[in-house]
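Please read the structure below before turning to the comments.
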There are 2 protein chains.
Amino acid sequence: MLDQLPNTLLQQRKTVQLEANQPLFIQGTKPKFLYFLEEGEVQLTRCGQQGETCTLQRIQQGFLAEASLFAEHYHCDAHCSKKSRLSAFPIKAFRQQLGQDGFYEVWIQLLSKEIKRLRNQGQRLALNSASDRIIHCLQTEGENGVLRLQGSIKEWAAELGLSHETLYRTLHRLQKQKQLEIVKQKTATQLKLTMHCPT
Amino acid sequence: MLDQLPNTLLQQRKTVQLEANQPLFIQGTKPKFLYFLEEGEVQLTRCGQQGETCTLQRIQQGFLAEASLFAEHYHCDAHCSKKSRLSAFPIKAFRQQLGQDGFYEVWIQLLSKEIKRLRNQGQRLALNSASDRIIHCLQTEGENGVLRLQGSIKEWAAELGLSHETLYRTLHRLQKQKQLEIVKQKTATQLKLTMHCPT
DNA sequence: GTTTTTGTATGATTTGAATCATATCTTACT
DNA sequence: AGTAAGATATGATTCAAATCATACAAAAAC
């Protein structure tokens, strides 16, 4: 992804190494850098009314909080959920670069992709059965109905807005019903949809 | 909002008048125009697996399917849910205009705003109690805890991912518990949060 | 290597939202 | 004005997910 960035920008990036659980930025502060996560994992979170932490997004690779490029302040918190390596681009330089060589087009396409992803997520969370959400996720996030889970099933449960108990149960039920296959690999679990429906 | 668009573009717009229930575009087709809804209401929808229609978004004013500007095909359907007036901008002209006078910055900010809205929506739909979703909606979509409902409560229920029965009941319960006020006006219902929490 | 923590898994119970049913009120249509 | 259609409202019932509890395996920490 970074290969689409102009060299001028790449030269200005600073590499940031963070351990698990270290904070990256907090809600309300003014963005100075735009971060690109190279490896590891970052979570975007927010506090609920009772102080519970709500995870908005788990990211393994890519730009974080794209909207911060033109925002006066962050609208969520970010912390490393795993040891991570990031590239930090000065916001000012990044914004200047947008006007050069049609770089803005790259950025707009990236934002558009994020919008599509979020719309899918919204549609998914509006489904009220666990199996519907699982299947929808495989259909929209997976490639040809196959999805490699990033991280644990428990973390995936949070993303799907389900309790982990329900997710375990429903996954096994769907497997018994031959609606999907669960392939456990060393690194990660892989899910494959046993397709009936077209599309 | 259109006042931020350059004149060159405004001159190229075509006005489109559509009656309620008329389709605007369908998923899979190639976008030729970028639509701005002036008045009325448009719904972005998608089909579920069993053919049920799922409403992704109800819009009363603003650009529709912003991602279509750089998309090969629409990723959802759109139809007028009320008699509507729209402005249609040729995609090609719009994209060319992005490079002029830093217009891309306006567009990026608009996309960023949409991303924030969608993130809020995702966070809201991940809440599993009806009252939590209602309160979260007032906090994030409302101004200072006050929200004027666009359309019927029934339509709002769909947006919140709740059955309309549950929404009616929960609204009245929250009112009894003095957590919010319901003000019925001629045109629309207005909801006001009886604040306890800071922020 | 041992301990501790975290993820996986499943059973029992509770809870709250969906659903079905029905009634009234409002709005749109003719 | 009169009728039809849709929104509002509430009760009864069902159902599925959350929660609580517990057990075991795997991974991390020491």
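All of these numbers come straight from a predicted model, not from anything done at the bench. Residue numbers start from 1 in every chain, and the chains themselves are labelled A, B, ... in the order their sequence lines are given, proteins ahead of strands.
- Here the P atom of nucleotide C:dT8 and the CD atom of A:Gln175 are 14 Å apart, to the nearest Å.
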Report the C-alpha separation of A:Gln61 and A:Glu39 in whole Å, then their side-chain angles, then the decisive distance to 0.1 Å, and conclude whether the side-chain contact (heavy atoms from CB on, under 4.5 Å) test is met. CA-CA 6 Å; A:Gln61 203 251 21; A:Glu39 59 178 43; over 6 Å; no
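- Electrostatic pairing of A:Lys116 and B:Glu114 does not count as a salt bridge here, judged by no charged N lying under 4.0 Å from a carboxylate O.
- Taken residue by residue, residues 121-133 of chain B places heavy atoms nearer than 4.0 Å to DNA chain C at B:Asn128, B:Ser129, B:Ala130.
- Rounded to whole Å, atom P of C:dT8 lies 12 Å from atom CG of A:Leu191.
- For the pair A:Gly151 and B:Leu167, both in contact range of DNA chain C, the more 5′-proximal nearest nucleotide belongs to A:Gly151.
- There is a path of hydrophobic side-chain contacts, each under 4.5 Å, that joins A:Leu111 to A:Leu5.
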Close N/O contacts between protein and nucleotides 27-30 of chain C (under 3.5 Å):
none

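- Residue B:Gly151 comes nearest to B:Arg58 through the heavy atom pair CA-NH1, 4.1 Å, listed as atom of the first residue, atom of the second, then distance.
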Candidate pair B:Leu167 and B:Ile134, rule side-chain contact (heavy atoms from CB on, under 4.5 Å), full reasoning: CA-CA 8 Å; B:Leu167 181 53; B:Ile134 291 168; 3.5 Å; yes
Between B:Ser68 and B:Leu34, is the side-chain contact (heavy atoms from CB on, under 4.5 Å) condition met? List the steps. CA-CA 7 Å; B:Ser68 65; B:Leu34 184 68; 3.6 Å; yes
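- Checked by distance alone, A:Arg173 brings no side-chain donor or acceptor within 3.5 Å of a matching partner on the base of C:dT10.
- Using a 3.5 Å distance cut-off with no hydrogens or angles, the side chains of B:Ser87 and B:Glu38 do pair a donor with an acceptor.
- Going from atom CG of B:Leu171 over to atom C1' of C:dG16 covers 16 Å, rounded to whole Å.
- Atom CD1 of A:Ile153 is separated from atom P of C:dG7 by 12 Å (rounded to the nearest Å).
- In this structure, the CD atom of A:Glu165 is 16 Å from the P atom of C:dT15, given to the nearest Å.
- Distance OH (B:Tyr168) to C1' (C:dT26): 11 Å, rounded to an integer number of Å.
- No hydrogens or angles considered: nothing links the side chains of A:Thr194 and A:Gln179 as a donor-acceptor pair under 3.5 Å.
- You can see that DNA chain D meets the heavy atoms of chain B within a 4.0 Å-exclusive cut from D:dA7 to D:dA18, reading 5' to 3'.
- Distance NE2 (B:His164) to C1' (C:dA17): 13 Å, rounded to an integer number of Å.
- The rotation axes computed at either terminus of the helix from C:dG1-D:dC30 to C:dT30-D:dA1 lie 60° apart, taking five pairs at each end and rounding to 10 degrees.
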Return all side-chain donor-acceptor pairs below 3.5 angstrom for residues 88-109 of chain A, not counting sequence neighbours, or 'none' if the list is empty.
{"residue": "A:Tyr104", "atom": "OH", "partner": "B:Gly99", "partner atom": "N", "Å": "3.3"}

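- Residue contacts for B:Gly161: at a heavy-atom cut-off of 4.0 Å it reaches the sugar-phosphate backbone alone, with no base atom in range.
- By the neighbour-count criterion of 12 heavy atoms within 6.0 Å, atom CD of B:Gln177 is densely surrounded, having more than that number from other residues, nucleotides or ligands.
- A salt bridge is absent between B:Glu155 and B:Lys82: the closest approach of a Lys/Arg side-chain nitrogen to an acidic carboxylate oxygen does not fall below 4.0 angstrom.
- Using a 4.0 Å heavy-atom distance criterion, A:Ser163 is classed as a base contact.
- Residue B:Glu143 places its CD atom among 12 or fewer non-hydrogen atoms of other residues, nucleotides or ligands, all under 6.0 Å distant.
- Ring geometry, B:Tyr35 versus B:Phe33: the interplanar angle falls from 30° to 60°, so the pair is classed tilted.
- Evaluation of the side chain to side chain donor-acceptor pair (under 3.5 Å) test over residues 122-136 of chain B, restricted to residues two or more places apart or in two chains, returns A:Arg46-B:Gln123, B:Gln123-B:His136, B:Arg124-B:His136, B:Arg124-B:Thr140, B:Arg124-B:Glu141, B:Ser129-B:Ser131, B:Ser129-B:Asp132.
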